[in-house]
2 protein chains.
Amino acid sequence: MGNMKDTIRSIAIELFFRKGYFATSISEIAKGSGIQKASIYYHYKSKEELLFSILKATMDDLTHDLKENLAGIEDIESKIRAAVHGHVRFHLERQKENFIANSELRGLTAEHYRVIVEKRDEYEEIFQGLIRQGREQGVFADVDVKILSYAILTLCTAGASWFNPGGRLTVDEIADIYENFIVSGLKQGDAPGMARARHADQVLAR
Amino acid sequence: MGNMKDTIRSIAIELFFRKGYFATSISEIAKGSGIQKASIYYHYKSKEELLFSILKATMDDLTHDLKENLAGIEDIESKIRAAVHGHVRFHLERQKENFIANSELRGLTAEHYRVIVEKRDEYEEIFQGLIRQGREQGVFADVDVKILSYAILTLCTAGASWFNPGGRLTVDEIADIYENFIVSGLKQGDAPGMARARHADQVLAR
DNA sequence: CCGATTTTACCGACCGGTCGTTAGGCTTAT
DNA sequence: ATAAGCCTAACGACCGGTCGGTAAAATCGG
């Protein structure tokens, strides 16, 4: 913790995670950092800029990691598995930043919001491309790419809100569970079996 | 909109959804309701109580719906399908309230927070019971009940954050997609195929 | 190497504004 | 007359942000 700018940053991450962006005051961040609140403004020009710098770095690292994880992998199922595994890993290992990134976008100015959403879209498109490819190659069933990519990303991301480091399962074990769950979901066909038809009747009869 | 208490409530839901609880002021809610902000306090004794009443009603309705949806269904796969379908439906149809229920728990006092979390836990346990039953009956694979129940619930819930009423797909179409995705995920075995093993090697080699 | 100057990193005091909430009074329908 | 339903006015607390200033460190000219 040599430099104060990083200290402020990590205290802010901790507080934004625990109490939320709007419920966290500059003076709390200052108190946690061991300085006066005016001194925060030497390092960051506003509270919103502090939030933005956290979100921006998180999104950049996320996309960078994904590209790195995919490099050198050939077949599409392995690619999807690598992408999912890495996504889960990243979100569990950097739990707090990711939680903030998924819940505090409303704290951003219009321009900063646009920047973050662009980065998120870029990331999502890589994912959607993988699913589309898998579908075209016949590895995955004829699934709805958009809906399922949202589903998969949210699914993995959600880990960040309940994951307990040092709990029953390790990061890689959880990532494995998700990986299998998702791949088998992608491989399924759309043929509704008996059970499903029976259920539909029951629901419609209400 | 005969009565003012309900008007205030629905305006609050709209604003909490669009701007967040902390970023919404009492005077905005008052302005939207066409009264002065002091008049809000004739109907609700505090801003937090207004939030709590929204969340409480939402959770109560959710659990009530689930029990109703499960009544009379016998086999476990149909039960899970009904539960998932109903969960998605509820979250898409009452999108705003559910979004608030999933993002603004931090605005509650300690006691109110406890009440809502208890209701959520009760709901989750019904879901986990269904998965456990399906596993014991051999209908589902030997999956991790806790992790997958969290996964399933978050997955369906997430719809509330991106769903666009009047968009490409109807509520029931989306619910069907999720239903199939989840059931096939639950039925999968844990045997890693070739692709998965190959991928694991690549990741571990880094 | 030394003195002068600039830059870095911080502080205490304060500002304008907004917030949730309360007190008390005025209508209107019963 | 009574109470419901709403109003105006004001409160104290706190917020993000700015100001002028300061001590120490770094930089630079001779």
Side-chain angles (χ1 to χ4, degrees), chain A residues 1-56 100 103-113 115-116, chain B residues 1-56 100 103-113 115-116:
Chain A
M1 302 107 222
N3 96 8
M4 179 57 66
K5 188 161 183 172
D6 288 348
T7 301
I8 293 170
R9 186 199 176 77
S10 71
I11 295 288
I13 289 174
E14 178 67 29
L15 291 176
F16 290 168
F17 174 69
R18 280 199 344 237
K19 317 183 44 178
Y21 173 71
F22 287 107
T24 300
S25 67
I26 291 284
S27 48
E28 283 175 300
I29 297 172
K31 189 168 288 181
S33 308
I35 54 172
Q36 293 298 314
K37 82 170 177 175
S39 306
I40 299 279
Y41 290 86
Y42 175 76
H43 301 281
Y44 296 93
K45 73 177 174 207
S46 72
K47 187 187 179 187
E48 190 268 346
E49 206 224 34
L50 175 52
L51 174 65
F52 176 65
S53 84
I54 293 170
L55 300 192
K56 183 173 175 300
I100 298 168
S103 58
E104 304 292 5
L105 289 187
R106 280 189 296 217
L108 296 172
T109 62
E111 314 95 80
H112 283 166
Y113 178 83
V115 171
I116 298 294
Chain B
M1 302 120 221
N3 98 7
M4 180 56 67
K5 188 161 181 171
D6 288 349
T7 302
I8 293 170
R9 186 199 175 75
S10 71
I11 295 290
I13 289 174
E14 178 66 30
L15 291 176
F16 290 168
F17 173 70
R18 280 201 342 240
K19 315 183 48 179
Y21 174 71
F22 286 107
T24 300
S25 66
I26 291 285
S27 48
E28 284 175 301
I29 297 171
K31 188 168 290 182
S33 307
I35 53 172
Q36 293 298 315
K37 74 173 177 174
S39 306
I40 299 278
Y41 290 85
Y42 176 76
H43 301 282
Y44 296 94
K45 72 177 178 208
S46 71
K47 186 187 181 188
E48 190 268 347
E49 206 223 37
L50 176 52
L51 175 65
F52 177 64
S53 84
I54 293 170
L55 299 192
K56 182 173 176 301
I100 298 168
S103 57
E104 303 291 6
L105 290 187
R106 280 188 297 217
L108 296 173
T109 61
E111 314 94 81
H112 284 166
Y113 178 83
V115 172
I116 298 294

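Chain identifiers are assigned alphabetically (A, B, ...) following the order of the sequence lines, protein sequences preceding nucleic acid strands; residue numbering begins at 1 within each chain.
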Exercise. Report the distance from atom CE of A:Met4 to atom P of C:dA9, rounded to the nearest whole Å.
Key: 10 Å

Quiz item: Between D:dG17, C:dT21, D:dG16, which one does the side chain of A:Ser25 approach most closely?
Solution: D:dG16

Quiz item: Within this structure, what is the OH-to-P distance between A:Tyr44 and D:dT18, rounded to whole angstrom?
Solution: 17 Å

Practice problem: Side chain of B:Ala38 only, please: which of D:dA9, D:dC15, C:dC10 is the nearest? | Solution: D:dA9

Quiz item: What is the distance from CG of B:Asn3 to C1' of D:dG5, rounded to the nearest Å?
Solution: 12 Å

Practice problem: May I have the distance from A:Asp6 (atom CG) to C:dA9 (atom C1'), rounded to whole angstrom? | Solution: 15 Å

Practice problem: Calculate the interatomic distance between A:His43 atom NE2 and D:dG17 atom C1'; express it in whole Å. | Solution: 16 Å

Quiz prompt | Distance in angstrom units between B:Ile40 CD1 and C:dC19 P, rounded | solution = 13 Å

Exercise. May I ask you to say what B:Ser33 touches in the nucleic acid, namely base, sugar-phosphate or nothing, with a heavy-atom cut-off under 4.0 Å?
Key: nothing

Quiz item: Between atom CZ of A:Arg18 and atom OG1 of A:Thr24, what is the distance when rounded to the nearest 0.5 Å?
Solution: 8.5 Å

Self-check item: Residue B:Ile26, side-chain atoms from C-beta onward, closest of D:dT8, D:dG17, C:dT21
Solution: C:dT21

Quiz prompt | Nearest-Å distance for atom pair NZ/C1', residues B:Lys37 and D:dC11 | solution = 11 Å

Practice problem: Applying salt bridge (charged side-chain N to carboxylate O under 4.0 Å, His left out) between B:Lys19 and each of B:Glu104, B:Glu28, B:Glu14, report the one that passes. | Solution: B:Glu28

Quiz item: Using 30° and 60° as the class limits, which term best fits the ring planes of B:Phe16 and B:Tyr21: parallel, tilted or perpendicular?
Solution: perpendicular

Exercise. From the options D:dG17, D:dA10, C:dC11, select the nucleotide whose nearest atom is closest to the side chain of A:Tyr41.
Key: D:dG17

Quiz prompt | Residue mapping more 5' on DNA chain D - nearest nucleotide basis, A:Glu28 or A:Lys45 | solution = A:Glu28

Practice problem: Tell me which nucleotide among C:dC11, C:dC19, D:dG16 gets nearest to the side chain of A:Ser39. | Solution: C:dC11

Quiz prompt | Rounded interatomic separation in angstrom, taking CD from B:Gln36 and C1' from C:dA23 | solution = 16 Å

Exercise. Start with the C-alpha gap between B:Thr109 and B:Phe52, add the side-chain angles, then the distance that decides, and say whether side-chain contact (heavy atoms from CB on, under 4.5 Å) holds.
Key: CA-CA 9 Å; B:Thr109 61; B:Phe52 177 64; over 6 Å; no

Practice problem: From the options D:dC6, D:dG16, C:dT21, select the nucleotide whose nearest atom is closest to the side chain of B:Ile35. | Solution: D:dC6

Exercise. Give the nucleotide from the list D:dT8, D:dA4, C:dC14 with an atom nearest to the side chain of B:Tyr42.
Key: D:dA4

Quiz item: Under 6.0 Å from the OH atom of A:Tyr113, do we count more than 12 heavy atoms belonging to anything else shown?
Solution: no

